[in-house]
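Taking it in order: structure first as structure tokens, then the write-up.
Because the structure is predicted, anything quoted here is derived from the model rather than measured.
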Amino acid sequence: MPTQVESDVQTSEDAFRTEVRQFLATNFPDELKGTGNMMAGLDGPTDENPVQKKWREAVGGRGWGTPTWPKEYGGGGLTKGQARIIEHEFAKVGAYNPIGGMGVMMFGPTLLEYGDERQKLEHIPPICRGEIRWCQGYSEPNAGSDLANLQTFAVDKGDHYLINGQKTWTSGGQWADKCFAIVRTDRSDKHKGISFMLIDMDAPGVEVRPITMISGTSPFCETFFTDVKVPKENLVGKEGQGWTIGKRLLQHERTNISGGGRLAGMMGQSLGDIAKKYCETGGDGALVNKVLRDKIADLEIRWNSFLLTARRAVEESKAQGGVSEISSVLKKVGTKLAQDRSELLIEIRGFQGLGWEGDEFGDDELEDVRGWLFGKAATIYGGSTEVQNNIIAKRVLGMLDHQ
């Protein structure tokens with residue numbers, strides 16, 4: 001028999017589930033079923049139509065796009081159980097969460113931890129409503145894997161900083177409103193000389209140049225800062241605290257890049273169901289190709305095992321006060337699994353899985369080819385697999401450099 005507390009929790013959750021279903025019936029339009037941005041962590045061009053805008057405003061107005069964030073800053077202020085109910089009920093009707101991007105994935109959680117009250121009140125509510133786009137100013141031409149080698153410099157000018165330098169691989173920089181960046185404020189110390197700042201992308205002196213990728217898109221940019229003025233109030237934390245804050249943000253990013261967020265949605269339809277459309281099946285409806293069946297079963301078992309492990313690890317990390325170095329394990333494994341799935345999907349479709357353009361290919365076939373190529377970068381951005389291996393060895397396993 002359940003205890004009184006358990007019964008009360010169940011009654012509360014049942015009532016909330018009814019509320020979510022009523023909300024969806026009233027606000028979610030049929031024409032948006034099954035749509036949504038699989039790469040929700042990467043803000044794209046502003047092409048939102050009126051129907052999508054209305055759906056975003058409905059979800060953002062309740063704070064349900066960021067359900068567990070504090071209500072006083074525009075979040076839902078809900079429990080983890082209620083957040084799972086929203087996720088499940090949305091999925092049942094083919095609804096997507098329209099509130100995403102780097103503000104949700106990375107910057108928001110970091111600002112909630114390190115920002116002052118004024119910064120939280122200014123920046124968190126627009127993120128929760130999906131009204132603002134953020135980009136990340138981290139990597140530089142000579143500071144990729146060795147991120148602490150960054151040289152973009154901010155000079156203290158009294159009431160503001162003057163920033164000069166260059167960032168590269170700035171995801172979504174051409175569409176972003178603001179940038180969270182780590183810059184150097186002191187050249188005498190490699191790590192302690194780094195600070196975390198917020199930069200308006202329309203400020204004089206900011207220049208963005210998109211980089212065309214093999215996938216045919218330009219999601220990444222080179223970003224140049226020439227005498228860019230940044231108000232002192234845009235410094236997050238203290239001068240010299242940027243390396244600590246920046247690493248914390250990367251943990252949020254890696255958790256979301258892996259099974260903690262973005263990749264779960266990318267997996268989409270069952271590979272077995274897709275294979276039955278392209279490959280020979282027997283009288284029992286099973287795939288005739290036993291080798292292919294084994295490959296599909298192996299990948300889906302590994303993926304679902306990973307999802308369960310990722311969920312447990314994320315919950316344990318949050319219970320201990322937030323994300324941790326386990327995010328490196330999740331990032332390393334999750335991104336490799338996503339690449340394995342894309343490769344297998346190409347194999348399943350044969351020639352139909354290699355189309356780039358033309359009426360003989362379906363939209364899903366063309367989209368998956370681009371996703372296959374785009375996914376090659378997943379084991380590099382957010383910290384390469386080699387970087388994650390080093391973090392796992394030192395921070396998780398406690399190994400020394402000579403080991």
Item checked: Between W243 and Y138, ring centroids under 6.0 Å -> no
salt_bridge([X], [Y]) N-O dist < 4.0 Å:
{"X": "E57", "Y": "K53", "result": "yes"}
{"X": "E87", "Y": "K80", "result": "no"}
{"X": "E207", "Y": "R209", "result": "yes"}

Given side chains that start at C-beta, do those of [X] and [Y] come closer than 4.5 Å, heavy atoms only?
{"X": "I182", "Y": "L147", "answer": "yes"}
{"X": "L198", "Y": "K178", "answer": "no"}
{"X": "F361", "Y": "D359", "answer": "no"}
{"X": "T170", "Y": "E222", "answer": "no"}
{"X": "D156", "Y": "Y161", "answer": "yes"}
{"X": "F16", "Y": "I86", "answer": "yes"}
{"X": "I124", "Y": "Q119", "answer": "no"}
{"X": "I127", "Y": "V104", "answer": "yes"}

Quick check against the 3.5 Å criterion: does [X] have a side-chain atom that pairs as donor or acceptor with the backbone of [Y]?
{"X": "S195", "Y": "G242", "answer": "no"}
{"X": "N27", "Y": "F23", "answer": "yes"}
{"X": "K71", "Y": "L78", "answer": "no"}
{"X": "E300", "Y": "L271", "answer": "yes"}
{"X": "R184", "Y": "L150", "answer": "yes"}
{"X": "E113", "Y": "T110", "answer": "no"}
{"X": "R56", "Y": "R129", "answer": "yes"}
{"X": "W64", "Y": "V20", "answer": "no"}
{"X": "T79", "Y": "Q82", "answer": "yes"}
{"X": "K120", "Y": "L112", "answer": "yes"}

Next item on the list: Verify side-chain contact (heavy atoms from CB on, under 4.5 Å) between V236 and L111, making sure each step is shown before the conclusion.
Entry: CA-CA 8 Å; V236 178; L111 191 68; 4.1 Å; yes
Where do [X] and [Y] come nearest, in terms of heavy atoms and distance?
{"X": "I346", "Y": "G353", "answer": "CD1-O, 2.8 Å"}
{"X": "E89", "Y": "L24", "answer": "O-CD1, 3.5 Å"}
{"X": "M197", "Y": "A154", "answer": "CE-CB, 3.8 Å"}
{"X": "W69", "Y": "C128", "answer": "CE3-SG, 3.6 Å"}
{"X": "Q52", "Y": "L32", "answer": "CG-CD2, 3.8 Å"}
{"X": "K229", "Y": "L162", "answer": "CG-CD1, 3.8 Å"}

Checklist line | Result of checking E233, K232, E239 against L235 for side-chain contact (heavy atoms from CB on, under 4.5 Å) | finding: E239
Quick check: are there more than 12 heavy atoms from other residues, nucleotides or ligands sitting under 6.0 Å from [atom1] of [X]?
{"X": "K295", "atom1": "NZ", "value": "no"}
{"X": "D146", "atom1": "CG", "value": "yes"}
{"X": "K238", "atom1": "NZ", "value": "no"}
{"X": "D159", "atom1": "CG", "value": "yes"}

Side-chain donor-acceptor pair under 3.5 Å between [X] and [Y], yes or no?
{"X": "E347", "Y": "Y278", "result": "no"}
{"X": "N389", "Y": "K332", "result": "yes"}
{"X": "N164", "Y": "D227", "result": "yes"}
{"X": "T168", "Y": "E140", "result": "no"}
{"X": "Y73", "Y": "E117", "result": "yes"}

Separation between [atom1] of [X] and [atom2] of [Y], rounded to the nearest 0.5 Å:
{"X": "L292", "Y": "E280", "atom1": "CG", "atom2": "CD", "result": "12.0 Å"}
{"X": "L344", "Y": "I348", "atom1": "CG", "atom2": "CD1", "result": "4.0 Å"}
{"X": "L354", "Y": "D368", "atom1": "CG", "atom2": "CG", "result": "12.0 Å"}
{"X": "F107", "Y": "C135", "atom1": "CZ", "atom2": "SG", "result": "11.5 Å"}
{"X": "K190", "Y": "N149", "atom1": "NZ", "atom2": "CG", "result": "5.5 Å"}
{"X": "I274", "Y": "E365", "atom1": "CD1", "atom2": "CD", "result": "10.0 Å"}

Checklist line | For H123, the option from W134, Y114, F180 that meets ring pair (Phe, Tyr, Trp, His ring centres under 6.0 Å) | finding: W134
Next item on the list: For side chain to side chain donor-acceptor pair (under 3.5 Å), just list the numbers for Q339 and T379, CA-CA rounded to whole Å, side-chain angles, deciding distance to a tenth of an Å, and then say yes or no.
Entry: CA-CA 9 Å; Q339 290 177 341; T379 47; 3.2 Å; yes
Next item on the list: Check step by step if side-chain contact (heavy atoms from CB on, under 4.5 Å) holds for N234 and I199.
Entry: CA-CA 7 Å; N234 283 14; I199 304 171; over 6 Å; no
Margin query: Go through it in stages, so that I can follow the logic: the residues are F224 and V206, the test is side-chain contact (heavy atoms from CB on, under 4.5 Å), and I'd like the CA-CA distance, side-chain angles, deciding distance and then a yes or no.
Written below: CA-CA 6 Å; F224 299 87; V206 178; over 6 Å; no
Next item on the list: Would you sort out whether D364 and R349 count as a salt bridge (charged side-chain N to carboxylate O under 4.0 Å, His left out), showing the intermediate values?
Entry: CA-CA 11 Å; D364 56 337; R349 285 182 170 148; 3.5 Å; yes
Margin query: Distance to the ring centre below 6.0 angstrom and angle to the axis at most 45 degrees; does that hold for R370 and W356?
Written below: yes
Item checked: Intermediate values then yes/no, salt bridge (charged side-chain N to carboxylate O under 4.0 Å, His left out), D294 and K290 -> CA-CA 6 Å; D294 286 346; K290 294 182 179 180; over 6 Å; no
Margin query: For a side-chain contact (heavy atoms from CB on, under 4.5 Å) check, start with the C-alpha distance between W372 and E367, then their side-chain angles and the critical distance, and finish with the verdict.
Written below: CA-CA 9 Å; W372 165 58; E367 180 181 345; over 6 Å; no
